[in-house]
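The structure appears right after this line, and notes come after that.
This one's a predicted model, so the numbers in the text were calculated from it and none came from an experiment.
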Amino acid sequence: MRLKTYRVTTMPEAMVLIKRDLGDDALILNTKKVKTGGLFGLFRKDCLEVTAAVETMEEPAPKSISPVNTQAMPAEAPLKKSQENDALMDELQSLKRLMMHEGPEDRLPESLRPLRSLLEKQGVEKAVQTELLSKLLQASENEAPVQEAFHAELIRFIEQHQQAVKNESPSIACFIGPTGVGKTTTIAKVAAEQLLEYKRTVGLITADTYRIAAVAQLKTYGEILDVPVEVVESREQLAGALDALKACDVILIDTAGRNYQQAEYIEDLQKLLPETQHIHTTLVLSMTAKYEDMVQIIGNFEALSIDELLLTKKDETASAGVILNLLHRYRIPLRRIATGQNVPDDLVAATPGRIADYIAGELRHA
Ligand SMILES: Nc1nc2c(ncn2[C@@H]2O[C@H](COP(=O)(O)OP(=O)(O)OP(=O)(O)O)[C@@H](O)[C@H]2O)c(=O)[nH]1
Ligand SMILES: [Mg+2]
């Protein structure tokens with residue numbers, strides 16, 4: 001038997017390598033989640049460690065050329081497969097089929113097929129689909145209606161993958177992200193929430209001097225909320241502004257939207273943020289963006305510590321699968337989701353129940 005172990009991000013990725021190295025008859029013996037170290041800040045990446053094996057023909061025992069050797073090395077008895085071994089092989093074969101998504105429609109019970117279609121429609125990755133559906137398969141004895149069991153499984157999955165934000169009320173927080181995702185609007189929402197709900201004093205800083213209207217935009221929110229706004233262009237000026245606002249309970253820093261698919265913009269951010277003081281950093285991404293592009297952006301942030309992800313524009317897309325994909329891939333600390341343009345109302349907590357409803361609400365309430 002030849003054994004090989006792979007570290008991959010998704011199961012399909014492993015299947016390609018296993019097929020290439022061990023051929024079509026390979027069996028998956030073990031799959032476990034492991035964390036890779038060294039990824040930026042709290043965003044530690046989950047990897048899959050997959051061990052696969054393929055049976056090889058036993059080499060015939062070499063013919064002895066000397067009678068002495070024959071006596072010293074008695075011929076090995078042929079390997080006998082016990083019934084136990086056969087049962088184990090059958091089990092491994094079915095596990096392999098499940099993992100490889102071979103003919104899913106044939107094997108998936110009728111009751112689970114609409115769930116697979118729903119997950120597909122929501123843009124949920126294959127590996128996540130398999131994880132969710134295989135749990136439901138195992139629980140097929142369960143009496144609960146399949147929609148309820150699915151909803152419960154979604155909640156369990158989200159709870160398992162959603163990392164808590166380390167500091168829920170940072171005194172200084174910076175918002176970064178691609179162009180037009182809603183950073184400034186979200187800052188206004190958070191500022192209003194801090195002022196009205198938590199009765200904290202708030203100061204705003206904008207480092208977005210890139211767009212002419214950007215300063216005016218934050219200043220307008222500052223006037224409406226009656227909070228001070230500082231404008232900065234450099235790390236030194238930022239230090240000065242933080243000092244000027246030090247009496248505020250909460251300071252929120254806005255930054256210019258940049259194409260963070262290009263790593264050079266991340267260097268600009270590094271040059272702006274203080275070297276010695278950690279500032280709670282929230283990466284803002286729009287749910288209308290492509291998942292692959294989000295992955296590319298998050299990957300580029302390895303060099304900068306990100307404490308939290310905030311997703312916006314939930315109201316502009318019917319598919320929320322990207323949330324499951326991101327949680328599964330990065331165990332990301334996701335605390336809030338923006339659901340519209342209204343300041344301050346359209347900002348909600350990213351609770352497991354709510355996310356599960358985004359994915360499967362239509363099934364339950366049908
Ligand atoms: N539908 C919807 N629109 C939003 C949401 N959040 C922000 N917007 C809108 O998106 C547009 C851009 O918002 P901004 O807050 O200026 O975005 P930004 O990330 O600061 O943009 P730049 O600073 O230019 O990078 C505005 O029209 C907002 O009203 C949301 O959750 N849903
Ligand atoms: Mg802005």
Side-chain angles (χ1 to χ4, degrees), residues 7-10 13 34-48 123 125 163 165-166 170 172-187 205-212 214-215 218 231-239 241-242 252-313 322-323 325-335 338:
R7 279 205 172 177
V8 288
T9 320
T10 62
E13 209 180 301
V34 290
K35 283 193 185 298
T36 53
L39 209 85
F40 61 100
L42 294 174
F43 281 30
R44 292 181 66 205
K45 192 177 167 186
D46 275 343
C47 262
L48 282 178
E125 278 190 307
Q163 191 175 297
V165 176
K166 284 254 164 75
I172 308 175
C174 176
F175 291 71
I176 59 176
T179 59
V181 290
K183 296 177 292 299
T184 308
T185 311
T186 303
I187 284 177
I205 297 176
T206 179
D208 185 1
T209 50
Y210 179 74
R211 273 191 315 113
I212 293 167
V215 173
L218 199 73
V231 183
V232 302
E233 284 189 79
S234 64
R235 181 181 279 165
E236 292 69 32
Q237 289 184 4
L238 177 61
L242 289 172
L252 305 172
I253 305 170
D254 195 8
T255 60
R258 289 295 201 193
N259 172 9
Y260 288 115
Q261 303 243 355
Q262 291 172 18
E264 75 219 51
Y265 292 124
I266 293 168
E267 286 169 28
D268 288 349
L269 267 180
Q270 284 176 302
K271 284 184 204 149
L272 172 76
L273 294 172
E275 263 178 323
T276 48
Q277 178 188 11
H278 177 72
I279 289 186
H280 184 96
T281 305
T282 299
L283 175 62
V284 183
L285 294 176
S286 166
M287 283 180 61
T288 57
K290 277 199 221 132
Y291 172 57
E292 291 74 18
D293 293 339
M294 292 185 182
V295 167
Q296 160 92 37
I297 290 168
I298 292 172
N300 277 351
F301 273 102
E302 271 188 56
L304 196 88
S305 161
I306 302 291
D307 298 292
E308 176 175 352
L309 175 77
L310 193 149
L311 293 173
T312 58
K313 310 205 181 183
V322 72
I323 304 178
N325 297 346
L326 288 170
L327 292 178
H328 183 252
R329 190 167 183 138
Y330 299 105
R331 280 184 193 270
I332 243 160
L334 172 72
R335 187 162 50 131

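Remark: Leu242 pairs with Ile172, Ile205, Leu238, Ile251, Ile253, Gln277, Ile279 by the side chain to side chain contact (heavy atoms under 4.5 Å, CB included) rule, at least two apart or across chains. Partners of Arg211 by side chain to side chain contact (heavy atoms under 4.5 Å, CB included), not counting sequence neighbours, listed by chain and number: Asp208, Ala213, Ala214, Gln217. Every side chain to side chain contact (heavy atoms under 4.5 Å, CB included) that Lys271 has, sequence neighbours left out, goes to Asp268. Residues satisfying the side chain to side chain contact (heavy atoms under 4.5 Å, CB included) criterion with Ala289, sequence neighbours excluded, are Met294.
Atom CG of Leu334 sits about 8.0 Å away from atom CG of Leu326, to the nearest 0.5 Å. Taken from CG in Leu273 to CD in Glu275, the straight-line distance is 10.5 Å, to the nearest 0.5 Å. One distance of note links CZ of Arg7 with CD of Glu13; it measures 13.5 Å at 0.5 Å rounding. Note that the CG atom of Asp254 and the CD1 atom of Ile187 stand 3.5 Å from one another [nearest 0.5 Å]. Considering CD1 of Ile297 and CD1 of Ile266, their distance stands at 8.5 Å, rounded to 0.5 Å. Taken to the nearest 0.5 Å, the CD1 atom of Ile323 stands 4.0 Å off from the CE atom of Met287.
With hydrogens and angles disregarded, no donor-acceptor distance shorter than 3.5 Å links the side chain of Arg329 to the backbone of Val295. The backbone N or O of Pro178 lies less than 3.5 Å from no partner atom in the side chain of Arg258, so there is not a single donor-acceptor pair. Distance alone, capped at 3.5 Å, is enough to place a donor-acceptor pair between the Asn325 side chain and the Gly123 backbone. Using a distance-only test at 3.5 Å, with no hydrogens or angles considered, no donor-acceptor pair links the side chain of Thr184 to the main chain of Leu218.
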Could you check Gln237 against Val231 for side chain to side chain contact (heavy atoms under 4.5 Å, CB included), going step by step and ending with a plain yes or no?
CA-CA 8 Å; Gln237 289 184 4; Val231 183; over 6 Å; no
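Tested against Thr282, the residues Leu310, Leu309, Leu252 include a single side chain to side chain contact (heavy atoms under 4.5 Å, CB included) partner, Leu310.
Taking 4.5 Å as the limit, every side-chain heavy atom of Thr206 sits out of range of all side-chain heavy atoms of Val232. In this structure, Ile332 and Ile298 have side chains that are in contact, with non-hydrogen atoms separated by less than 4.5 Å. Residues Val284 and Lys183 are in side-chain contact: their nearest non-hydrogen atoms beyond the backbone lie under 4.5 Å apart. Contact annotation: the side chain of Leu327 never approaches that of Arg331 to less than 4.5 Å [non-hydrogen atoms, C-beta and beyond]. In this structure, Ser234 and Leu272 have side chains that are not in contact, with every pair of non-hydrogen atoms separated by 4.5 Å or more.
Between Glu308 and Lys166 there is no salt bridge, since none of the side-chain N atoms of the basic residue sits less than 4.0 Å from a carboxylate O of the acidic one.
Residue pairs meeting the salt bridge (Lys or Arg N to Asp or Glu O under 4.0 Å) criterion with at least one partner in residues 285-298, sequence neighbours excluded, do not occur; the list is empty. Applying the ring-ring contact (aromatic ring centres under 6.0 Å, His included) test to residues at least two apart or on different chains, the pairs with a partner in residues 252-276 are Tyr260-Phe301.
Across all their heavy atoms, Gln270 and Leu304 have their closest contact at CG-CD1, 3.3 Å. Ile176 and Thr255 get closest at one heavy-atom pair: CA-OG1, 3.5 Å. Shortest non-hydrogen contact noted between Ser305 and Thr281 is O-CB, 3.7 Å. Across all non-hydrogen atoms, the minimal contact from Val165 to Pro333 is CG2-CB, 3.8 Å. Ser286 and Val181 make their closest contact through N-CG1, 3.8 Å (heavy atoms, listed as atom of the first residue, atom of the second, distance).
Under a cut-off of 6.0 angstrom, the local environment of CD in Glu264 is crowded, with over 12 non-hydrogen atoms contributed by other residues, nucleotides or ligands.
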